[in-house]
Amino acid sequence: MKLSEICEKLNLECDIKQDIEIEGINTLQDANKKEISFLENPKYEKYLKDTKAAAVLIRKEDADKLPKDVIALITPEPYLKLALLTCYFVKDPWVDGGYKANESAKIDPSARIGKGAKIGKNVIIMPNAVIGPNVEIDEGSVIYPNVTIYRDTKIGKNVTIHAGSVIGSDGFGYAHTKTGEHVKIYHLGRVVIEDDVEIGANTTVDRAVFGETKIKKGSKIDNLVQIGHNCEIGEYSILVSQVGLSGSTKLGRNVVMGGQSATAGHLEIAPFTTIAARGGVTKSIKEPGVYSGFPLMPHKTWLKLQGLLSRLLKKS
């Protein structure tokens, strides 16, 4: 899609000296010379000076912070324009056609597999599973009945995905107009699941907006867990039933999250941290330990608080 065409469709103010072909959208950090990026949140302003993007959706007052070779696409609403732009780069969610499966793979006849998928040695795909276009499933993995794996997902060796789980669906992302309408942000990234991961029944893992949602080696995820877009689950982490991770949460190695615990988005949890059941994480955790409660606090402090409250109630 030509940059001039994008400017016309989105009604952008831009000075194009050389009309170039745009192939996608990405973050300021990761965009290349054929991609568009955006700046909405001031905390990402630090990435402007080094961005390699062809053009950036940006407010007029920030445009002079861009490198000289990056085209400023001036708009008072960069995030809304980004949402409107994503629909032009969405791939077809389903394409029938040939796929490659190792002769040792066991695939139930009722399973549907999209064009370009690759099924490795000794993979088992059970009834009514749906494997999208260009999905890769490596050696020894097991896909239980009624699992749906959206396009471009990559699954490593000896991964188990239990019945009813959905891998690679769009995250919950919308921009909002001044009059209150919700404009969908189409998610253009993918999901990567590394070796020896197990995912319980009816769990959902959202694809990334750009880049990857990643579940690293050896992680174990219970039933009914929600993992938002662009999350990263560290090696050998454990997420218990009804855990919810908001978008861009990053868990270090061996993080344990108890049942019904949850995170706000765009935060990090240090390796070897435990969040007790129903704990609410609203900011990054830098020191490993055991935490609980809402607002979150060290577990020993929470126990003391409960004891204090109990004594106060008895006195009253």
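Given the structure is predicted, the values throughout are model-derived calculations rather than measurements.
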* Structure fact -> With Thr213 as partner, the option from Thr153, Ile193, Val205 fulfilling side chain to side chain contact (heavy atoms under 4.5 Å, CB included) is Val205
* Test item: side-chain donor near acceptor, Thr160 and Glu198, under 3.5 Å -> no
Kindly list each side-chain donor-acceptor pair under 3.5 angstrom involving residues 300-310, sequence neighbours excluded, with atom names and distances?
none

* Asked: Any donor and acceptor pair, going by atom type alone, linking the side chain of Asp19 with main-chain N or O of Ser4 inside 3.5 Å?
  -> yes
* Which pairs count as side-chain hydrogen bond (donor to acceptor under 3.5 Å, both in side chains) when at least one residue sits in residues 172-194, sequence neighbours excluded? -> Asp170-Lys184, His176-His182, Thr177-Thr179, Thr177-Glu181, Thr179-Glu181, Arg190-Glu212
Only distances under 3.5 Å count here; give the side-chain donor-acceptor pairs of residues 271-278 to other protein atoms, sequence neighbours excluded, each with its distance to 0.1 Å.
residue : atom : partner : partner atom : Å
Thr273  : OG1  : Ala270  : O            : 2.8
Arg278  : NE   : Gln260  : OE1          : 2.7
Arg278  : NH2  : Gln260  : OE1          : 3.3

* To do: Give a yes or no on whether a salt bridge exists between Asp138 and Lys118, defined as a side-chain N under 4.0 angstrom from a carboxylate O.
  => no
* **N-O pairing of Asp69 and Lys33 below 4.0 Å** => yes
* **Salt bridge Lys286-Glu268, side-chain N to carboxylate O under 4.0 Å** => no
* To do: Inspect the contact between Asp92 and Arg151 and indicate whether a charged nitrogen and a carboxylate oxygen are less than 4.0 angstrom apart.
  => no
* Structure fact -> Output for pair (Leu267 CG, Ser248 OG), nearest 0.5 Å, gives 9.5 Å
* Asked: If you draw a 6.0 Å radius around NZ in Lys2, do more than 12 non-hydrogen atoms from other residues or ligands fall strictly inside?
  -> yes
* To do: Could you tell me whether Glu23 and Lys34 make a salt bridge, using a distance below 4.0 angstrom between a side-chain N and a carboxylate O?
  => yes
* Are Arg59 and Asp62 close enough for a salt bridge, meaning some N to O gap below 4.0 Å? -> no
* Residues Lys17, Asp15: salt bridge by 4.0 Å N-O rule -> yes
* Structure fact -> Taken to the nearest 0.5 Å, the spacing of Lys9 NZ from Glu5 CD works out to 5.0 Å
